[in-house]
Amino acid sequence: MQIYNTLTKKKEEFVPLNPGVVTMYVCGPTVYDFFHIGNARSFVMADIIRRYLEYIGYNVRYAMNLTDIDDKIINKANEEKIDSNEVAKKFTQAFYEDIKKLGIREANIHPKATEHMDEIVGLIDSLVQKGNAYNINGNVFYRVESFAGYGKLSGKKIDELESGSRVEVNTEKENPFDFSLWKKAKENEPSWDSPWGKGRPGWHTECSAMSMKHFGETIDIHAGGNDLIFPHHENEIAQSEAVTGKQFARYWMHFGFLNMKEEKMSKSLGNFFTAREILENYSAETIRLFFSQTHYSGPLAFSEDLLKTSQSALIKVENFVDLIKENSATSGGDSETTFDFESYFRLFSDAMDNDFNTPQATAVIFDFIKAANKAINETEQVGKNFYSKVLEFLNKTAQNVLGIIDLEKVKMQKSLENDLVKLLLDVRQKARAEKNFALSDEIRDKLTELGIELKDSKEGTTFKIK
RNA sequence: GGCGGCAUGGCCAAGCGGUCUAAGGCGAAGGUCUGCAAAACCUUUAUUCGUCAGUUCGAAUCUGACUGCCGCCUCCA
């Protein structure tokens, strides 16, 4: 299993610190708004990575943090004239709802900054003790120069940063790139006690503190969006490793952006759709297939047309599942079908083992469907065992790892509707027998208008409610 | 200015030195089925991989230059 590691800029063989167990920490959202479909991409891809690691037998300990105290939350609270707590609570709730709708599996833990103040303060205190941080009037800054490895993740050098910097120079700091660990409370701001007075944690501290608290000083995988490489993840490394002297995370993974017309989708640019909005019109499976068809590390252009493309592709998979389920219900016995299921499992693993190559993996699913269709068409007697193996393959790969299909959900229809449609089909069949095509077509057209699609075949007419 | 990424068919997108006259999806065209349809299924759809050099027996894949995009350096998945 190979993973591209941002730290070494290479694909590396993945070997967890402790055999059989993988600790994985993913940077989650700041809960000041609904998350957008670009955020959703990271969350979904992280979910697929987690699921695949479980698929190959690892016990994955998975955390995604929620930043629930931050400038943005405070600003939002001021705008809406409510308590910042309320803001965080509301969007935390929304976050849980949305990731559930996206089919994202529950994390083992969603650590929150406000629930880890002791650890955060403790971490900052250690940094101050060790000389990696300094307190100026209740603001504590990290002394960037004190950490030799600063820049090792992002490839940036402190002296080179200066040239293009547009950071407002804070004269209090020793170095303009020193970053805030603890922010002194302003009036009417939520605050916590600390050795430096009332305040709240700065941007990056929570992730270090929480990751170490829950998973120990060194974790296996730390992941997040591309834009977190610098400064967020760089700073996490500086904070954590300065304190522990140990490697903070062994594999750093970063997700490419979702772009709107060549431009990064982001809240600050205002060019975004919330995941919620998209979920109103598209299923989680469609969205997940859409994401899976591009490698997680590259950019992905978002448009509704592209999403529709994935929707069409998914219909193909669902039709196939329909067919398999129908056939499976009516067939019996074993068949002699020679079909190499193992090779498809292997191809799927090969793809995923190569730095989670989901586009390749989805291609394997489509190849599998084509080959299985062919086998069915070319075989006289297809037995039940074949169909159940097909379903097993899809269950293990497309459903459990990629989450692009829900085998249970396909073909769930209400019985009353079914009975009524069947009644109409009987009438139509009589009309057809009498060659009264005007009437039979009228029935068909009206049903089509209602979203009920008819399919005539030798065995009779079947239908599908769209 | 510094650092990083990308450029493959009408569109999206794999590919990591030979099996590439390049996977898969969408779209399109033809076929099977049908009273006609629709749906489904089957088949076809890049001798070519931004441009120009180079390395190599061999390059979409490595190197260099060039062109064009994008991101980070500032809160951001």
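Chain naming here is simple, since letters A, B, ... match the order of the sequence lines and numbering starts at 1 in each.
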For this session: Would you indicate what A/His232 reaches in the nucleic acid, counting non-hydrogen atoms under 4.0 angstrom: base, sugar-phosphate, or nothing?
Result: nothing
For this session: Determine the contact category for A/Lys156: base if any of its heavy atoms lies under 4.0 Å from a base atom, sugar-phosphate if only primed atoms, P, OP1 or OP2 are that close, otherwise nothing.
Result: base
Exercise. Quick one: A/Leu153 CG to B/C72 C1', roughly how many Å, whole number?
Worked result: 12 Å
For this session: If the plane angle is over 60° it's perpendicular, under 30° parallel, otherwise tilted; pick one for A/His110 and A/Phe95.
Result: perpendicular
Exercise. So what does A/Gly38 touch, heavy atoms closer than 4.0 Å: a base, only the sugar-phosphate, or nothing?
Worked result: base
For this session: Using the C1' atom on both, measure B/U56 against B/C75 and round to a whole Å.
Result: 49 Å
Exercise. Just checking A/Asp441: base, sugar-phosphate only, or nothing, at a heavy-atom cut-off of under 4.0 Å?
Worked result: base
Exercise. When all nucleic acid strands are considered with a 4.0 Å heavy-atom cut-off, which category describes A/Met265: base, sugar-phosphate, or nothing?
Worked result: base
Exercise. Should the pair A/Tyr296 and A/Phe255 be assigned to parallel (<30°), tilted (30 to 60°) or perpendicular (>60°) ring geometry?
Worked result: perpendicular
Exercise. With centres under 5.5 Å and planes under 30° as the test, does A/Phe366 stack with B/G25?
Worked result: no
Problem set entry | Base B/C76 to side chain A/Lys264, donor-acceptor N/O within 3.5 Å cut-off | yes
Exercise. Across the strands shown, which category fits A/Lys435 at heavy-atom distances under 4.0 angstrom: base, sugar-phosphate, nothing?
Worked result: nothing
Exercise. Contact class for A/Leu228 (heavy atom, under 4.0 Å): base, sugar-phosphate, or nothing?
Worked result: sugar-phosphate
For this session: Look at all strands and tell whether A/Ser440 reaches a base, only sugar-phosphate, or nothing, counting heavy atoms closer than 4.0 Å.
Result: base
Problem set entry | Residue A/Lys11, side-chain atoms from C-beta onward, closest of B/C16, B/A40, B/C26 | B/C16
For this session: Using a heavy-atom cut-off of under 4.0 Å over every strand shown, decide if A/Leu258 touches base, sugar-phosphate, or nothing.
Result: base
Seminar exercise, completed: By the Watson-Crick or G-U definition, both distances under 3.5 Å, B/G15 is matched with B/U8
For this session: Just call it for A/Lys308: base, sugar-phosphate, or nothing, with non-hydrogen atoms closer than 4.0 Å on any strand.
Result: nothing
Exercise. What nucleic acid atoms does A/Gly256 come within less than 4.0 Å of, heavy atoms only: base, sugar-phosphate, or nothing?
Worked result: base
Exercise. Under 4.0 Å between a side-chain N/O of A/Asn319 and OP1 or OP2 of B/C41, yes or no?
Worked result: no
Exercise. The side chain of A/Phe257 lies closest to which of these nucleotides: B/G71, B/G4, B/C72?
Worked result: B/G71
For this session: Mind checking A/Gln360 for me? I need base, sugar-phosphate or nothing, with any heavy atom below 4.0 Å counting as a touch.
Result: base
Exercise. Which nucleotide, B/C75, B/A13, B/G35, lies nearest any side-chain atom of A/Thr294?
Worked result: B/A13
Exercise. At under 4.0 Å between heavy atoms, what does A/Phe230 touch on the DNA or RNA strands: base, sugar-phosphate, or nothing?
Worked result: sugar-phosphate
Exercise. Does the separation of the ring centres of A/Tyr25 and A/Tyr62 fall below 6.0 angstrom?
Worked result: no
For this session: Output the single nucleotide from B/G35, B/C42, B/C26 whose closest atom is nearest the side chain of A/Phe437.
Result: B/G35
Exercise. Quick one: are the ring centres of A/Phe91 and A/Tyr32 less than 6.0 Å apart?
Worked result: no
Exercise. Quick one: A/Met45 CE to B/A13 C1', roughly how many Å, whole number?
Worked result: 13 Å
Problem set entry | A/His254-A/His222 aromatic ring centre distance below 6.0 Å | no
